S.K.: 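There's a structure below that I have some questions on.
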Amino acid sequence: MIIDDHYYDVIIIGTGAGGGTLTHKLAATGKKILVLERGEFLAKESSELVDVEVFKKEDFHAPEQWYDSDGEPFHPQTSYSVGGNTKLYSGVLSRMRERDFEQVQHQDGISPEWPLKYKDFEPYYTEAEQLYRVHGILGEDPTEPPHSQDYPFDAVDSEPHIEEICQQVSQQGLNPAHLPIGIGDQGRTDAEDTGVTPAMKVNENITLKTSARVVCLHTNPSGKEVKAVQAEIGGKFYLFMGDIVVLCCGAINSAALLLRSENDSHPFGLANSSQLVGCNLMKQLMTVVVQITATPNSGLFQRTHYLNDFYWGDRDFSYPMGHIQNAGGILRDVIFAESPPILSVATKLMPGFGLKQLAKRSIGWWLQTEDLPRPKNRVRVDKNKLYVDYTPNNTEAHDRLVYRWIDVLKAVDGNKQNVYPRGETPISVVAHQVGTCRFGEDPKTSVLDLYCRTHDVDNLYVVDGSFFPSASATSPALTVIANALRVGEHLIERLG
């Protein structure tokens, strides 16, 4: 074991939406900050994909195996790299709706109330939209919550064929709206080019170590403080010391690291006196619906539109259903790394077409429904294997959303006999993982306090999607970013 000869004010583990943003927020303090990232800098981002590279699924999978509840292994579609999963995401940066922070009755149960409300996050949503250069337009979506400021940049223009479809959808009395998208000078904004790299360029107090796999957190004898972070770098084990430790590994890996750090003071895993670490995993119900078109497209265009008319239900179903957005060009959307079976169905409809030709005659639609927190949907570690026990719930609401949208597309296409291939994302797609260390005021029913500090360990924070009490049907990235800015403000005060 090699003991690092530096002592840090803050150690941040992970550089995704939470960790990369927090690094940026704390950089100007002048405090000594160590950032540990399991991966390296990516040579190519998802926005730079060409041809059929998106179907090389091994490029978008972590180089390790996880296991489902039946003990079957799978390779998770997640990014170990500087910037984390924001290097693979679509750039969609949506706010949760006001009602998402309240208790909501769903067809399959209750979505719990948050201990903080939309008004508490609104200033940080605004700050996040400025930082990540969000392009959007207000006033198109009736579910849009109030903004203290307009989007900092105009909405992204649509491809003509998407614009035409949206016009036809509008004629059905629906309200397609422009997606809020983070766009920078080099394409989609992410936690590396917006957070980590700019912070390091102008602040010498930040040390970034890549290819650093954190394996354990060590506490003092009382178990009240983390004293050292153990990481493997280049086949050797190092101990790093610091005053404050922040986990930003994603909801699954942050929970797994806490569970792997059990000791005599924390026999169920670090910060797990509630025995809720790893429980209540949510990752939304997500389905891709493919619309076959008569005319080709580039297959490489940006997501630009969404529809929330069924977010809270419709005339035939009084419970929330969810969110719809166009999936962007299929040749650039990494979700299709998991979805060749969808296109194999489409191949039967268009015999003689190759994968690339088929993708260029297809438009993907991405449908998201809130799944509800269930203690048995959880992350657990057994004999150093990481298990993801997950059974979907709220499935009827999601099925209704799928069929409702297919009816809309049939009306657009003018052919009720059309077939729309679709596929649910498998367990390996963990893009919207949240909920494994929920925050709250009661240590018996939550893992973190309202500033995302663990109830049990004074200097340990978790700043990623782990803190969510509920998932909503919106993409969680902007809420993770906004929360990192909020917690960062608290840490600046604590650091003095």
Side-chain angles (χ1 to χ4, degrees), residues 16-18 20-25 27 45-49 83-98 118 121-163 165-167 170 175-199 201-202 298 300-308 323-329 332-333 366 474-486 488:
T21 304
L22 185 63
T23 298
H24 183 278
K25 183 74 174 182
E45 301 182 23
S46 58
S47 58
E48 300 171 328
L49 299 175
N85 280 334
T86 66
K87 304 302 288 188
L88 301 182
Y89 82 147
S90 62
V92 174
L93 294 170
S94 300
R95 298 184 179 204
M96 288 172 55
R97 278 34 195 167
E98 282 185 284
Y118 175 80
F121 281 88
E122 200 286 329
Y124 305 102
Y125 276 139
T126 298
E127 184 180 352
E129 288 164 350
Q130 295 285 337
L131 178 62
Y132 279 77
R133 300 172 59 88
V134 176
H135 293 59
I137 183 170
L138 295 176
E140 296 179 318
D141 172 20
T143 74
E144 181 80 30
H147 289 228
S148 58
Q149 295 183 35
D150 201 346
Y151 288 111
F153 299 94
D154 292 338
V156 177
D157 292 334
S158 297
E159 294 281 305
H161 59 283
I162 297 295
E163 196 66 47
I165 291 172
C166 288
Q167 289 175 1
S170 295
N175 297 276
H178 286 82
L179 274 168
I181 301 283
I183 301 287
D185 296 335
Q186 304 300 317
R188 293 192 294 245
T189 53
D190 61 53
E192 182 262 306
D193 64 36
T194 302
V196 177
T197 296
K201 283 182 178 179
V202 297
S298 68
L300 295 170
F301 53 89
Q302 170 70 51
R303 299 189 193 195
T304 54
H305 276 81
Y306 76 100
L307 184 135
N308 269 0
H323 166 90
I324 300 163
Q325 60 183 253
N326 75 293
R332 186 174 284 171
D333 199 310
W366 187 239
T474 62
S475 301
L478 188 72
T479 301
V480 174
I481 292 166
N483 186 61
L485 295 171
R486 183 183 72 90

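Side-chain atoms are counted along with the backbone in the values below, which use heavy atoms only and exclude waters and symmetry mates. Just so you know, these numbers come straight off a predicted model, no measurement behind them.
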S.K.: Does Val480 offer a backbone N or O that forms a donor-acceptor pair with the side chain of Asn483 under 3.5 Å?
M.R.: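 It does not hold such a pair.
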
S.K.: Roughly how far apart are His135 NE2 and Leu179 CG, rounded to 0.5 Å?
M.R.: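 It is 13.5 Å, given to the nearest 0.5 Å.
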
S.K.: Using the side-chain contact (heavy atoms from CB on, under 4.5 Å) rule, take Arg133 and Ile183 through it: C-alpha gap first, then chi angles, then the decisive distance, then the call.
M.R.: CA-CA 6 Å; Arg133 300 172 59 88; Ile183 301 287; 6.0 Å; no

S.K.: Do any N or O atoms from the side chain of Thr86 and from the backbone of Ala191 form a donor-acceptor pair under 3.5 angstrom?
M.R.: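 Judged by distance alone, yes, a pair lies under 3.5 Å.
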
S.K.: After noting the C-alpha distance and the side-chain angles of Gln325 and Ser475, does the key distance pass the side-chain contact (heavy atoms from CB on, under 4.5 Å) rule?
M.R.: CA-CA 11 Å; Gln325 60 183 253; Ser475 301; 4.1 Å; yes

S.K.: Would you say Thr304's side chain and Ser158's backbone share a donor-acceptor pair under 3.5 angstrom?
M.R.: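 The answer is no, because no donor-acceptor pair under 3.5 Å joins these two groups.
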
S.K.: Taking all heavy atoms of Glu98 and all of Pro146, pick out the closest pair and write down the distance.
M.R.: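 For Glu98 and Pro146, the tightest heavy-atom pair comes out as OE1-CD, 3.3 Å.
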
S.K.: Flag the pair Asp141 and Arg97 as a salt bridge only when some basic side-chain nitrogen lies within less than 4.0 angstrom of an acidic carboxylate oxygen.
M.R.: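 Yes.
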
S.K.: Can you name the nearest heavy-atom pair linking Thr474 to Ser94, along with the distance?
M.R.: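 Minimum heavy-atom contact is CB-CB, 4.4 Å.
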
S.K.: Rounded at 0.5 Å granularity, tell me how far NE2 in His161 sits from CG in Asn326.
M.R.: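 Spacing of NE2 (His161) from CG (Asn326) equals 8.0 Å.
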
S.K.: Check this for me: does any side-chain nitrogen of one of Glu144 and Arg95 sit under 4.0 Å from a carboxylate oxygen of the other?
M.R.: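 Judged by the 4.0 Å cut-off on N to carboxylate O distance, Glu144 and Arg95 do not form a salt bridge.
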
S.K.: How close do Gly136 and Tyr151 get, counting heavy atoms only, and between which atoms?
M.R.: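 Residues Gly136 and Tyr151, closest heavy atoms: C-CD1, 3.4 Å.
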
S.K.: Just by distance, no angles: are the side chains of Glu122 and Thr126 close enough, under 3.5 Å, to form a donor-acceptor pair?
M.R.: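 Present: a donor and an acceptor within the cut-off.
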
S.K.: Which of these passes side-chain contact (heavy atoms from CB on, under 4.5 Å) with Asn175: Cys166, Pro142, Ser170?
M.R.: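 One option only clears the test, and that one is Pro142.
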
S.K.: Output the distance between atom OH (Tyr132) and atom CD (Glu127), rounded to the nearest 0.5 Å.
M.R.: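 So the gap between those two atoms works out to 11.0 Å.
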
S.K.: Is there a side-chain contact (heavy atoms from CB on, under 4.5 Å) between His178 and His305 once you walk through the steps?
M.R.: CA-CA 4 Å; His178 286 82; His305 276 81; 3.7 Å; yes

S.K.: Could you go through Glu129 and Gln149, starting from their C-alpha distance and side-chain angles, then the distance that decides it, and tell me whether this counts as side-chain contact (heavy atoms from CB on, under 4.5 Å)?
M.R.: CA-CA 10 Å; Glu129 288 164 350; Gln149 295 183 35; over 6 Å; no

S.K.: Which value, rounded to the nearest 0.5 Å, describes the distance between Thr197 atom OG1 and Glu192 atom CD?
M.R.: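 Going from the OG1 atom of Thr197 to the CD atom of Glu192 covers 3.5 Å.
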
S.K.: Nearest 0.5 Å please: distance from the CG atom of Leu138 over to the CG atom of Asp150.
M.R.: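 Leu138 atom CG to Asp150 atom CG measures 4.5 Å (nearest 0.5 Å).
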
S.K.: Between Gln302 (side chain) and Glu159 (backbone), is there a donor-acceptor pair under 3.5 Å?
M.R.: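 No.
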
S.K.: Mind listing the closest non-hydrogen atom pair of Ala128 and Ile481 along with its distance?
M.R.: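 Between these two residues, the closest heavy atoms are CB-CG2, 3.6 Å.
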
S.K.: Nearest 0.5 Å, please: how far is NZ in Lys87 from CZ in Arg188?
M.R.: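 Interatomic distance, Arg188 CZ to Lys87 NZ, rounded to 0.5 Å: 10.0 Å.
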
S.K.: Tell me whether Tyr125 contacts the main-chain N or O of Met96 through its side chain, where contact means a donor paired with an acceptor under 3.5 Å.
M.R.: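 Answer holds: yes.
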
S.K.: Leu93 versus Ile181: any side-chain heavy-atom pair under 4.5 Å?
M.R.: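 Side-chain contact under 4.5 Å: no.
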
S.K.: So with a 6.0 Å cut-off around CG of Asp154, is the heavy-atom count from everything else above 12?
M.R.: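 Count not over threshold, so no.
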
